Amino acid sequence: MSKGYLVMLGENIVLEVNGIGKTFKGYDDGTLQGVGSTVREVVSLNNISFQLKQGEILGIVGNNGAGKSTLLRIISGLLKPDKGSISYRGKLSSILDIGSGFHPDLSGIDNVYMVARLMGYTKKEIEEVLEDIFEFSELKQFKETPVKHYSSGMFMRLAFSLYTTLKSNLLIMDEVLSVGDMNFREKSSARIKEIAARGRTIILASHEMKTVQSLCTHGLLLEQGTSKGFDTIQSIIEKYVNSNNYIFLKSGVAARPNSENQKSGDLPLLPTQVQGSDEHNPVDTKIRLKGALVRSAGKAVTSEIYMDDEVEISFSYEKLLNIPVILSAVIADRFGNNIMSLSPYRIKREDDFVDITLEGNYTQTVKLPKGILNHGIFSVSFYVADTSRQKVRSFEKLLYFRVVRSDKLFKGVNYQENFSCPLLPVADWKTTMEF
């Protein structure tokens, strides 16, 4: 979808969204298109406002049903808002649905000509970039094939290549980077950075936080149609990850308050300590959980650990089999990516090794040196395997903890949010200077 407007915006401002609201009709069966007798209003967006400048990349994040796709469709002109206004400078193009704007009976090359002409490009201008479009999309051998025979990935590759090759001031994409193989996703990410550096403004919605973090300059957090923040992407991701909905999305652990005085919407207490239960101790298992915890070494168990503290992780269990087993504690970052594995088979002092063969009750504790982890949310999973590396028992994301910034590690320098990696270890540095 593409159309162009010339509007009176401030210097370098490409898009202005002002007080956008959208309400749909719902039914008493809880759907937007149900058959119930009672009609009710469902607020999809409520008073959304923000501005984007030339070359900025906005990531819209939020859980399913937050209103991301509705907002993108309103900005693209596919939906009319009930309230508010949209203003943008120059041409706008959008990739929202697989095959959006393509005619199924036309070939790939004919669709490129059709869409580009609708965007206002001349035949000569299209011919100048035609080979580039099919080269990038890796579809040269299919350019004469009707697109109804394309897979969903082929559709999206052609659309992405088309809209990023043809110049527009504002490009909008919805979950585009989740389609295609790993190599094409990497190519697409590089293309987004490249065209933004040349001055194009980009909006994308995605559930892949790692991608959003690496690409975007700004973030908009939506929750049930309401804006919970428009800020730098790092700040918005912190808000999203710290929210109840996201922390417990995969863990299945129910949020619970830090104290009786905690208000609704505050950060939940992270499960830094668990005790054995029937849920974790099925009758037929040979490894029964007794307890686990993560904390700052030598301190009380809390949900927060400072960057300059040692991290102590303990796992207690009852072993009901007479074979050696290997315990591993796996730390994952806030996006669920495993970043570190700790095992008593890899230790500093050989004398500390214990061959666990006999039945009995065991507690194994590991200390992670201070200054390894960056600030943010982390989870700990435990895996027990036999010596042939076959899993005996697994405890996925059993613990969560939050690492808090420690300014004294930075020697008085203001801590900036450009330290975005999950690991930020203290290391030996040597600096020389030549005149």
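Below, all heavy atoms of this structure are taken into account, side chains as well, without hydrogens, waters or symmetry copies. Please read all numbers here as calculations on a predicted model, not as lab measurements.
Side-chain atoms of V330 and I339, non-hydrogen and from C-beta on, never get closer than 4.5 Å to each other. With a 4.5 Å cut-off on side-chain heavy atoms, I305 and V404 do not count as touching. Using a 4.5 Å heavy-atom cutoff, the side chains of L92 and I172 are in contact. Taking 4.5 Å as the limit, every side-chain heavy atom of L45 sits out of range of all side-chain heavy atoms of P81. Side-chain contact between I326 and D386 is absent, with no heavy atoms from C-beta onward closer than 4.5 Å. Counting heavy atoms from C-beta on, the side chains of L96 and S76 come closer than 4.5 Å. Between I75 and V17, the closest side-chain pair of non-hydrogen atoms falls below 4.5 Å.
Put simply, the residue from L58, V212, V61 that forms a side-chain contact (heavy atoms from CB on, under 4.5 Å) with L204 is V212.
In summary, the side chains of N64 and H207 do present a donor paired with an acceptor at a separation below 3.5 Å, with no hydrogens or angles considered. Side-chain contact of S137 with S161: a donor-acceptor pair under 3.5 Å is absent, judged by distance alone. Side-chain atoms of D174 and S69 form a donor-acceptor pair, as typed in the model, at a separation below 3.5 Å. When only modelled atom types and interatomic distance are considered, Y317 and N361 share no side-chain donor-acceptor pair under 3.5 Å. Looking at S341 and S328, their side chains never bring a donor and an acceptor atom within 3.5 Å of each other.
F155 CZ to F102 CZ: the interatomic distance, rounded to the nearest 0.5 Å, is 7.5 Å. Between atom CG of residue L327 and atom CG of residue L342 there is a gap of 9.5 Å, rounded to the nearest 0.5 Å. To the nearest 0.5 Å, atoms CD (E56) and CZ (F50) are separated by 10.5 Å. Here the straight-line distance linking atom CD of Q51 with atom CG of N12 works out to 11.5 Å at 0.5 Å rounding. From I203, atom CD1 reaches atom CG of L71 across 7.0 Å, with rounding to the nearest 0.5 Å.
With sequence neighbours excluded, the residues forming a side chain to side chain contact (heavy atoms under 4.5 Å, CB included) with L321 are K286, I287, K319, I323, listed by chain and number. Shown here are the side chain to side chain contact (heavy atoms under 4.5 Å, CB included) partners of K367, two or more places apart in sequence or in another chain: A297, E310, E312. With sequence neighbours left out, S188 forms a side chain to side chain contact (heavy atoms under 4.5 Å, CB included) with F160, L177, F184.
Ring-plane geometry between F378 and F401 is classed as parallel, the angle between the planes falling under 30 degrees on a 0 to 90 degree scale with a further cut at 60.
Formation of a donor-acceptor pair under 3.5 Å by the R402 side chain with backbone atoms of I377 is not found in this model.
Between Y362 and F315, the ring centre distance reaches or exceeds 6.0 Å.
E135 has a carboxylate O that lies under 4.0 Å from a charged side-chain N of K140, or vice versa, which qualifies the two as a salt bridge.
More than 12 heavy atoms of other shown residues, nucleotides or ligands fall within 6.0 angstrom of atom NZ in K187. When the shell of 6.0 Å around NZ of K22 is examined, it contains more than 12 heavy atoms from other residues, nucleotides or ligands. Residue Y383 places its OH atom among more than 12 non-hydrogen atoms of other residues, nucleotides or ligands, all under 6.0 Å distant.
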